[in-house]
Amino acid sequence: MTDYNFAYLDEQTKRMIRRAILKGLAIPGYQVPFASREMPMPYGWGTGGVQVSAAALTPDDTLKVIDQGADDTTNAVSIRAFFQRTADIATTTRTADATVIQTRHRIPEEPLRDDQILVYQVPIPEPLRFLEPRETETRKMHSLEEYGLMHVKLYEDIARHGHIATAYAYPVRIEGRYVMDPSPIPKFDNPKMEMAAIQLFGAGREQRIYALPPYTKVVSLDFEDHPFDASKAPHRCGLCGSEHSYLDEVITDDAGGRMFVCSDTDYCEARRAAGYVGRDAA
Amino acid sequence: MTPLLSAAGIRKTYGAHIGCTDVSFDLFPGEVMGIVGESGSGKTTLLNCLAGHLAPDVGEVIFDTRADGPRDTVRMSEPERRMLARTDWAFVHQHAPDGLRMNVSAGGNVGERLMAVGARNYSDIRQQASDWLGRVEIAEDRIDDRPTTFSGGMQQRLQIARNLVTAPRLVFMDEPTGGLDVSVQARLLDLLRGLVRDMGLSAVIVTHDLAVVRLLADRLMVMKDGHVTETGLTDQVLDDPQAPYTQLLVSSVLQV
């Protein structure tokens, strides 16, 4: 063990964050203000998610950290090491073994269970931000359920592109009440949000926490004649051959060569270990 | 006949300074009332009190709602008042960018009120938007352009289309022709007059331009230093002013 308090934050701060989390769970989709602390990392690197994880972790937990689906990128590796050092807890890269999963930009492909917690890093929690810059006004719009403006954004998409071109951070309505920004996950992941695990959202710079209890109803906004479509690249994974997972396009040379691979590295590795082989696996 | 809007004893002060005081009037359906007066006479304060943007210190503003009959809009809850503001009321700002979303296309601007009251069919919204652009004489191929690319007169007409798309019954206008050159003003007035007559709108128009009220208003209220100095039929007040201030106001207009 180190000289840090368990999971870096002091106990008072964790209590304050837990109160915000409980309030968020009681009012699904509502943005609860909290006194975000300075963390030893820059804003935009997951300060909100780290504080929520720190408040949610217990010494028996196993932590997994995902950055854009991958376990081995800078952000994921450094946050995992951070909690290893400050909380001395077990970490894993396997979705099934984890009890707390902190994520940036993805939901794991493997369905989560009711004994797991998914923590999202959120850059901008306010879905109405780019339409209405005044925070006083957006709060009033949330409290009065004035969400017509959200559809103006989708209208603009269709008018300009012929279809709803918003592909990530796609706005959702929670239990017919609050409109919520699901953090910048691809819209492919939106239908997965009605899940068994608890979902917590932390925005450090904006000082907001919001949450979804298990099996909360999450509806992606759309028009009657332009329904929501959870699309993905129409390919198979080049390594594991999966046709149901979200894919990253990887440029392989400067002659137009490219391949599509699962963005969820753990899912892809598990499939390859089970003997699935894709077209580009050498 | 029940008045559509009925103001009784409106008073609004800013500290010791009087914004407007002791204003009472009835506005009947289909009627257009003009409020004229010099800068600082309390016209805009009064309009903001009537439209629910400001809470008057004293007085009642009774609006004949579709559902529940006459209601005091000053004392109704904020959600109810905001609902009125986006269905039965319209507010045309003097400065068009105040009333428009400048980073949203013309079609989106017109469609916003429809979507705010629950329209969720893209084709219908677009059809109505393009219909309304036609009615305010904006070419339909400009529907996907942003208001930033429009001229001042077009922006003002777009603001009017955006406000009238939900078929409101009462329109508040704050200097609708301010800042436009005279030929554009004339076209806008002509358009407004047509819309008011066709849709049977009631309107309260605040302006310092007597020509505007001469063309549009049935009745006139003249304000000075927060007080109403004279009221009456428009032609009567302008052709035979009784109060000294109104005489001054009418004689101040240059005859070309």
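Naming convention: chains lettered A, B, ... in sequence-line order (proteins, then strands); numbering from 1 in each chain. The shown structure was predicted, so the numbers you read here are calculated from the model rather than taken from an experiment.
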> How far apart are the closest heavy atoms of B:Glu112 and A:Leu149, and which atoms are they?
Replying inline: OE2-CD1, 3.5 Å
>> Please find the pair of heavy atoms, one from B:Asp144 and one from A:Ala159, that lie closest to each other, and give the distance.
In response: OD1-CB, 3.5 Å
> For the residue pair A:Phe223 and B:Tyr122, does the interplanar ring angle fall in the parallel (under 30°), tilted (30 to 60°) or perpendicular (over 60°) class?
Replying inline: perpendicular
Is the number of heavy atoms from other residues, nucleotides or ligands under 6.0 Å of [X] [atom1] greater than 12?
X	atom1	result
A:Arg129	CZ	yes
B:Tyr14	OH	yes
A:Arg113	CZ	yes
A:Lys140	NZ	no

> In terms of heavy-atom pairs under 4.5 Å with chain A, which of B:Gly118, B:Ser123, B:Ala119, B:Gly111 leads?
Replying inline: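 Option with the top pair count is B:Ser123.
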>> I'd like to verify something: which residue of B:Arg82, B:Arg113, B:Arg101 has the highest number of heavy-atom pairs under 4.5 Å with chain A?
In response: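 So the answer, after comparing B:Arg82, B:Arg113, B:Arg101, is B:Arg82.
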> Between A:Lys153 and chain B, which part of the residue has a heavy atom less than 4.5 Å away: side chain, backbone, both or neither?
Replying inline: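 It is neither, since no heavy atom gets under 4.5 Å.
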> What distance separates A:His226 NE2 from B:Arg120 CZ, expressed to the nearest 0.5 Å?
Replying inline: 14.5 Å
>> Nearest 0.5 Å, please: how far is CD in A:Glu156 from CZ in B:Arg146?
In response: 6.5 Å
> At a heavy-atom separation under 4.5 Å, does B:Ile143 approach chain A through its side chain, its backbone, both, or neither?
Replying inline: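 Answer is side chain: those atoms of B:Ile143 sit under 4.5 Å from chain A.
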>> So which residue, A:Leu131, A:Leu144, A:Asp222, ends up with the most heavy-atom pairs under 4.5 Å with chain B?
In response: A:Leu144
